[in-house]
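Each residue takes its place number in the sequence, starting with 1.
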Amino acid sequence: MDIKVDPDWWKTLFDDIYLLTDARTVCDEDITRLEVNVICELLPIQNDSRILDLCGGHGRHSLELLARGFSSCTVLDYSQRLIHLAKAKATEYNVALNLVLGDARDAGFQDESFDHIFIMGNSLGYIQKPDADQRIMGEAFRLLRKGGWFLADVADGDAIKRTFSASAWHEIGDDTVVCRRRKLKKHAIHAREMILSKEKGLIRDQNYAIRLYRPQALSALMQAAGFEKVGVRTGFSPHKCSGDYGFMNHRMLVTGQKAI
Ligand SMILES: C[S@@+](CC[C@H](N)C(=O)[O-])C[C@H]1O[C@@H](n2cnc3c(N)ncnc32)[C@H](O)[C@@H]1O
């Protein structure tokens, strides 16, 4: 049976339930710290760098950077709920985090507003229009100062195809089970996600689709956006245990610089 996907699925999926279904990655502080180590390794960020966390969700990477002494972090995300949660955390930790609700294709900042930009946690490939990711990368290029660096952390299409599993499930505590059924297409995965709670019954049944990039295709996208010195590191998996973590355990990290 085909898995039909509403092209606007990404506008509504990223809410409190997403924080449950993906908690093993996006709510695990050890994993966030490890990912931030990678950001610090791959980007030449200084304490006062103006950093943009594009599609930054509930702000976990920026909050960790602020805790490490970086002073200027901006999170842009489409999800009002996640931006709200990031704001609550920033208030709780008493840190100054700039939060912007917006679309990464047209972020609304002035040219060259940032020294370095990253997009972490597999946040590309959601919008089905063929030029969407190109537009996001082009926008990152526009927003970077000359000499600034961009990092994107994206599911590795080759690894996903190699390890493809048509179904997966995992438990969350005693109450909830996340069940996923998947269909592999030529350049995408379509998935149906059902979340069942013992107490509440079915709490979500939603389909989504992720475009898959091979490392070479991701590099080509970066180059087409104008980036130079493009490099891709494959085999990034921050999880300690093997398992099916959705698209979060086979990732690649692509970096590129806007020429000086
Ligand atoms: C898997 S989450 C990752 C969030 C965050 N980077 C992290 O690692 O915790 C993907 C995020 O991308 C955001 N997103 C997807 N497409 C977007 C777009 N066009 N503009 C802004 N945010 C977008 C979603 O709202 C969601 O918060």
Side-chain angles (χ1 to χ4, degrees), residues 14-77 79 81-100 104 114-124 140 148-156 159-160 170-173 178 231-256:
F14 295 101
D15 58 6
D16 296 83
I17 296 178
Y18 144 77
L19 292 177
L20 270 184
T21 59
D22 285 38
R24 296 175 302 166
T25 305
V26 299
C27 296
D28 181 319
E29 290 179 0
D30 287 340
I31 286 184
T32 299
R33 277 193 283 271
L34 207 146
E35 291 173 354
V36 170
N37 292 347
V38 167
I39 295 172
C40 295
E41 187 191 323
L42 294 178
L43 296 179
I45 48 177
Q46 308 286 318
N47 277 4
D48 60 352
S49 295
R50 297 161 303 159
I51 299 167
L52 176 60
D53 180 354
L54 210 49
C55 303
H58 63 305
R60 62 194 179 100
H61 298 107
S62 287
L63 289 163
E64 175 63 19
L65 284 166
L66 291 169
R68 292 186 189 195
F70 294 92
S71 59
S72 174
C73 294
T74 298
V75 173
L76 178 133
D77 201 275
S79 162
R81 179 64 184 151
L82 296 187
I83 288 287
H84 173 79
L85 292 172
K87 188 172 184 187
K89 278 283 174 215
T91 305
E92 182 187 333
Y93 300 154
N94 196 23
V95 289
L97 174 59
N98 306 318
L99 291 156
V100 178
F114 297 96
D115 296 310
H116 304 293
I117 300 178
F118 58 77
I119 174 164
M120 294 296 291
N122 189 33
S123 306
L124 287 179
W149 283 82
F150 175 60
L151 160 66
D153 158 24
V154 181
D156 178 344
I160 287 188
H170 69 273
E171 293 170 302
I172 304 166
V178 179
V232 187
R233 186 198 283 190
T234 55
F236 179 58
S237 176
H239 298 92
K240 283 194 206 102
C241 308
S242 59
D244 189 319
Y245 294 90
F247 304 104
M248 292 298 206
N249 55 346
H250 297 287
R251 286 145 66 181
M252 53 186 172
L253 301 159
V254 63
T255 49

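Panel note: side chain Ser71, backbone Asn47; a donor-acceptor pair is recorded below 3.5 Å. The closest donor-acceptor contact from the side chain of Asp77 to the backbone of Gly57 lies under 3.5 Å. The closest donor-acceptor contact from the side chain of Ser79 to the backbone of Phe14 lies under 3.5 Å. At least one donor-acceptor pair closer than 3.5 Å links the side chain of Asp115 to the backbone N or O of Arg50. The backbone N or O of Leu253 sits nowhere less than 3.5 Å from a side-chain atom of Asp153 that would complete a donor-acceptor pair.
Legend: salt bridge (Lys or Arg N to Asp or Glu O under 4.0 Å) pairs involving residues 36-49, not counting sequence neighbours, sorted by first then second residue: Glu41-Arg233.
Between Leu97 and Ala86, the shortest heavy-atom contact is CD2-O, 4.3 Å. Nearest heavy-atom pair, Ile119 versus Cys55, reported as atom, atom and distance to 0.1 Å: CD1-SG, 3.7 Å. For the pair Cys27 and His58, the tightest heavy-atom approach, listed with the atom from each and the gap, is SG-NE2, 4.2 Å. Minimum interatomic distance between His116 and Ser49 (heavy atoms only, all atoms of both residues): CD2-OG, 3.9 Å. Across every non-hydrogen atom of Ile83 and Val100, the tightest pair is CD1-O, 3.5 Å. Scanning both residues, Leu151 and Thr255, for their nearest heavy atoms gives CD1-CG2, 3.8 Å.
Taken from CG in Leu19 to OG1 in Thr25, the straight-line distance is 11.5 Å, to the nearest 0.5 Å. Expressed to the nearest 0.5 Å, how far OG of Ser62 lies from CZ of Phe70 amounts to 11.0 Å. To the nearest 0.5 angstrom, Ile160 atom CD1 is 7.0 Å from His250 atom NE2. One distance of note links CD1 of Ile51 with CD1 of Ile117; it measures 11.0 Å at 0.5 Å rounding. To the nearest 0.5 Å, atoms CD (Glu64) and SG (Cys73) are separated by 10.5 Å. With rounding to the nearest 0.5 Å, the separation of CD in Glu35 from CZ in Arg60 is 4.5 Å.
Contact check for Asn37 versus Arg68: side-chain heavy atoms found under the 4.5 Å cut-off. Side-chain atoms of Leu65 and Phe118, non-hydrogen and from C-beta on, do get closer than 4.5 Å to each other. Side-chain contact between Arg81 and Leu85 is present, with at least one heavy-atom pair separated by less than 4.5 Å. Taking 4.5 Å as the limit, some side-chain heavy atom of Tyr18 sits within range of a side-chain heavy atom of Val26. No side-chain heavy atom of Tyr93 sits less than 4.5 Å from a side-chain heavy atom of Leu66. Between Cys40 and Ile45 the shortest side-chain heavy-atom distance falls below 4.5 Å.
In the displayed structure, Asp30 atom CG is contacted under 6.0 Å by more than 12 heavy atoms of other residues, nucleotides or ligands. Counting heavy-atom neighbours within 6.0 Å of Glu92 CD, excluding the residue itself, gives a total above 12.
For the salt bridge (charged side-chain N to carboxylate O under 4.0 Å, His left out) test, no residue two or more places apart in sequence or in another chain qualifies with Arg24. Residues forming a salt bridge (charged side-chain N to carboxylate O under 4.0 Å, His left out) with Lys87 (at least two apart in sequence, or on another chain): none.
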